[in-house]
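Letters A, B, ... are given to chains in the order of the sequence lines, protein chains preceding strands, and every chain is numbered from 1. What you see is a predicted model; the values in this text were computed from it and never measured.
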Protein chains: 2
Amino acid sequence: MKKGKRTTIYDIAAKLGITASSVSRALNNSNQVNEKTKELIMKTADELNYKRNILASNLRKGHSKTIGVVVPRINQNFFANVIAGIEEATYQKGYNLIICQSGESHDKEIQCVNTLINQDVDCIVISVSADGSDYQHLQNVIDHGIQLIQFDRVAEELETLKVINDNEQASYEAVSHLIESGYKRIALLEGPQNLSIFKQRKVGYLRALKAYNIGVIDELIVENAWTKELGAEGTRKLLSLPQPPDAIFASTSDFSALGVLEVANAMRIKVPAELGVCGYANESFSEITSPSITTIDQFSIYMGQTVANLYFQEKGNTDTATKPKIISIKPELIIRASTAKNGKS
Amino acid sequence: MKKGKRTTIYDIAAKLGITASSVSRALNNSNQVNEKTKELIMKTADELNYKRNILASNLRKGHSKTIGVVVPRINQNFFANVIAGIEEATYQKGYNLIICQSGESHDKEIQCVNTLINQDVDCIVISVSADGSDYQHLQNVIDHGIQLIQFDRVAEELETLKVINDNEQASYEAVSHLIESGYKRIALLEGPQNLSIFKQRKVGYLRALKAYNIGVIDELIVENAWTKELGAEGTRKLLSLPQPPDAIFASTSDFSALGVLEVANAMRIKVPAELGVCGYANESFSEITSPSITTIDQFSIYMGQTVANLYFQEKGNTDTATKPKIISIKPELIIRASTAKNGKS
DNA sequence: TTTGAAATTGCAATCGATTGCGTAATTTTT
DNA sequence: AAAAATTACGCAATCGATTGCAATTTCAAA
C-alpha cells in the first residue's frame, strides 16, 4: 500500500471470501463471530495495514467521539492548562479534542461554535469571550442535542453543566487577608462586569470590606483593568490620588498585578511595605517576580479533568431530571511576599 | 427541532418538493441550480436550522479538512503559541485542529499518531518527544498518504516538510554575545542529545568558542539539564568547581536558566557581575525576573503560522519532485540584564 | 412553429462501516 | 438419531452528502 486507496473492510472480506459484516463484527470484537475467523480477520487486517475509517464509522453510529473546546486564547496559561487537563482525561476514553480560539471576539466565538456543531461533536466545552452577552449560539448547541459544558467564564442564565471556581469566596479570602495583614485602604482593579467571574470577584471584595466594617470608597474601584497595561494605567491613577490606597487587589489577573508592581516600582513605592498587591490566577511568573505576588490558584489542570469527567458521567445519565449540574472548585489563596506588610507572611 | 433528529438535506428537499441533489448543489453554491430555487433552499435551510453533517460530507469527498497536531505538552508556552499560530491560519481556511499531547512519552506519541491516522486527518503536524529515536510511526503516516510536517523537534533522518529554528546560529550568537560581554569561562547546560535541536545548540556553542579561540573545557558541559530542577542541580555542581564558570548558557530553556538564577542567588553569587546567564525560548517570565534573563526568541506564533501556510502551499503542488522542503526561521537574541557584565547592555 | 442549445433538476451510485433480521451451520439436549 | 437451541454468517438497509449522467424544461434563434 503506497499511493493506492486505503484498505477497507471489503478488501479484507474479499481476500477471505467472507462478508464485510463479519469483518466489521470481528473488528469490533463482537461475540457474534467465530474465534478462529476473528483471529484470521485480525491477522489479515494487520497484513493489509488496515485502519478503520472513523468518518464512516461515526456517520453510521451517529456520534463522533469528539469534543469541541472553545476558549478565548489557547496560549494563555490558564486555558492551556485546562485544555491539557481535558485532553488527558478524554484521550484515555478514546475521545478527540477539536480546539478553537475565539480571540475574545464574540463573532468568532459564534463561528467556532457553529463549526463545531457542523462537525457533529458530542460535546462542546466553552469559556465565553469577554464581549457580547447574547447567547443564542449556545442555546443553539443545546437545541441540537449536543451536550454543553461551560467552565470558568460562564453565561449564568443558561442552564447547562458548569464547572466554575468559587470566585466570590476566593476574592473574599484575598481581601480578608489584606485587611488582616494591616492594609486599610484597599483598591480593586476589576474586569468587564458582563463576565460573571469578575462580577463575583467584586462581590467578594465588597463582602470582605463589609465583614470588617470598612466603608466602600468608589474612587478606589477601577473599571476594566484586566490587562497588564490597563492595570498599570489604573494603578497610576490610584497612586496619584490625594489619598492613595495602601493595597491593590488586581482581581482580574496576575498580569494586571504585574502592571501594578511595575508602576509602584517606577514611582518608588515599596511593595509590600507601602503597598500590598494581590493578583489572581497563579501564573507561573507570579512566584518569581520581586517581590513574589500573592495570588489565587485556580487548579486549572484539575478543572479540565473535572470538565471531562463531568461529561462522561452525565453521558450515562438517562434523561431523568436533566438538572443542570454545577461543580464549583474552591480556589486557594497563595500568600507570598507582596502582601507581607509587617514582614510576616 | 428540539430533541428530534437533526435536519438533513432530505428534509429540506421534501419540504420543497425537490430532490436532495438540488439542495446539496444549492448549499454548495453550484451554478448548476436556478437562482430562485437556490434562494428558496437557502431560506428553508435557515428556517429548519439546518447544519451540514460534515462527517457525511467528508466521507463522500474523501478528506476530513482536519489537521492533527502532536506536541509533548499543550500547556507549555512555546507549544501553546505554535498551536495558536496554526489554529489562526487554519481556521480561516475552514480546517479544524485535533490536538494531542504525547507527554514526552514515545509510546503515547505512537498512539496519538495512530489515532490521528484513524481519524483520517489530512495532515499531521508533530514535534517529537524526547525519548525514543524510532520513527516507524512517522513513516507510517507517510505511507498512508497523509502529509507530515515536523516542527522544532524533528527527526532529521526523515524526509518530510520541516519548520525549524536555526538553533545552531542562535546558539552561536548567544555564546558570542557572552564572550564579547567579557565572560571567559562559559558553561553549557545541554539537553538530551537525541533531539537534534539540542545537538545543534551544542554545535553552535562549540563553534562560537572556536571562533574566539577559547578552548573547550569538558567539565563545563553539563548533560541533560533541561528542566528548572536539573538546571539548578547542574549549576550547583558547576559553581562548586575549583574553577567555576563565569557564565552559564542554559541552552535548553528559560526554565533551566531560572534554576541557574535561583542557585546563584542562594549562593550569593551576583548576576550578571560575577555570573552571566543566558536562557532559551523567551518565556514570558524571562523579562520579569531579577535580573531579567537574556534569551532567544523563537517566534513561536509565527512558526505555527508558517507550518499552516506550508501545508496549504504544498497541498496545491502536483507531485512534481516531492522535494522535502525545510523552512528555517532565524531566532533572535534578546539581550537583557543577566548578561550585562560591565553594566552595559 | 420548430429546432437546438443551454440551463435545471432528477436518478442512482458512492464514500466505508454498522446492524437488525433471517438463514444456514453447528452444537447441545433428550 | 431427531429435535431444540445456539452460534456463525450473509443480506440489505442505513447514516447524510455528493456527483456523473440522464432527463426534462426553458429560451432563443431559425
Side-chain angles (χ1 to χ4, degrees), chain A residues 1 4-42 44-45 48-66 94 117-122 144-145, chain B residues 1 4-42 44-45 48-66 94 117-122 144-145:
Chain A
M1 93 136 282
K5 307 274 159 242
R6 59 190 290 166
T7 19
T8 72
I9 50 173
Y10 296 99
D11 298 328
I12 301 179
K15 180 153 188 179
L16 259 41
I18 53 177
T19 343
S21 322
S22 299
V23 178
S24 173
R25 281 190 264 259
L27 259 19
N28 284 296
N29 201 26
S30 155
N31 58 344
Q32 283 201 79
V33 63
N34 188 292
E35 276 305 327
K36 303 242 164 126
T37 342
K38 195 184 285 187
E39 271 178 43
L40 199 59
I41 291 175
M42 292 305 204
T44 30
L48 266 44
N49 196 15
Y50 169 80
K51 292 263 153 56
R52 168 202 267 119
N53 183 326
I54 302 271
L55 287 179
S57 172
N58 288 344
L59 172 60
R60 180 60 226 256
K61 293 225 196 104
H63 67 244
S64 62
K65 279 218 167 196
T66 293
I117 293 177
N118 275 8
Q119 283 283 337
D120 226 350
V121 295
D122 294 341
H144 269 87
Chain B
M1 92 139 281
K5 309 274 160 240
R6 58 191 289 166
T7 20
T8 72
I9 50 173
Y10 295 99
D11 298 328
I12 301 179
K15 180 153 187 178
L16 260 39
I18 54 176
T19 343
S21 323
S22 299
V23 177
S24 172
R25 280 190 267 258
L27 259 21
N28 284 295
N29 201 23
S30 155
N31 58 344
Q32 280 203 87
V33 61
N34 189 292
E35 276 304 326
K36 304 242 164 132
T37 343
K38 194 185 284 186
E39 271 178 42
L40 199 61
I41 292 175
M42 292 305 203
T44 29
L48 265 44
N49 195 14
Y50 170 80
K51 293 264 154 54
R52 168 200 271 126
N53 183 325
I54 303 271
L55 287 180
S57 172
N58 288 344
L59 172 59
R60 180 61 225 256
K61 294 226 197 102
H63 66 245
S64 64
K65 279 218 167 196
T66 293
I117 293 178
N118 273 9
Q119 282 285 335
D120 225 352
V121 294
D122 294 339
H144 268 87

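- For the pair A/I54 CD1 and C/dG16 P, the computed distance is 14 Å after rounding to whole Å.
- Here the side chain of B/I18 is nearest to one of D/dG10, C/dG10, D/dC9, namely C/dG10.
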Between the protein and nucleotides 11-14 of chain D, which nitrogen or oxygen pairs are less than 3.5 angstrom apart?
| from | atom 1 | to | atom 2 | distance (Å) |
| --- | --- | --- | --- | --- |
| D/dC11 | N4 | A/S21 | OG | 2.9 |
| D/dA12 | N6 | A/S21 | OG | 3.4 |
| D/dT14 | O2 | A/R60 | NE | 3.4 |
| D/dT14 | O2 | A/R60 | NH1 | 2.8 |

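- The distance between atom CG of A/N31 and atom C1' of D/dA8, rounded to the nearest whole Å, is 11 Å.
- If you take NE2 of A/H63 and C1' of C/dT18, they are 11 Å apart, rounded to a whole angstrom.
- Going from atom CG of A/N34 over to atom P of C/dT26 covers 10 Å, rounded to whole Å.
- Using a 4.0 Å heavy-atom criterion, one finds that A/L55 contacts no nucleic acid atom at all.
- Across the protein-nucleic acid pair, B/N28 atom CG and D/dG20 atom P stand 12 Å apart, rounded to whole Å.
- Both B/L59 and B/A20 lie near DNA chain C, and the one whose nearest nucleotide falls closer to the 5' end is B/A20.
- The CG-P distance, from A/L16 to D/dA8, rounds to 16 Å in whole Å.
- Remark: A/D11 does not engage A/R6 in a salt bridge, criterion side-chain N to carboxylate O under 4.0 Å.
- In summary, B/K38 and B/E35 engage in a salt bridge, as defined by a charged side-chain N under 4.0 Å from a carboxylate O.
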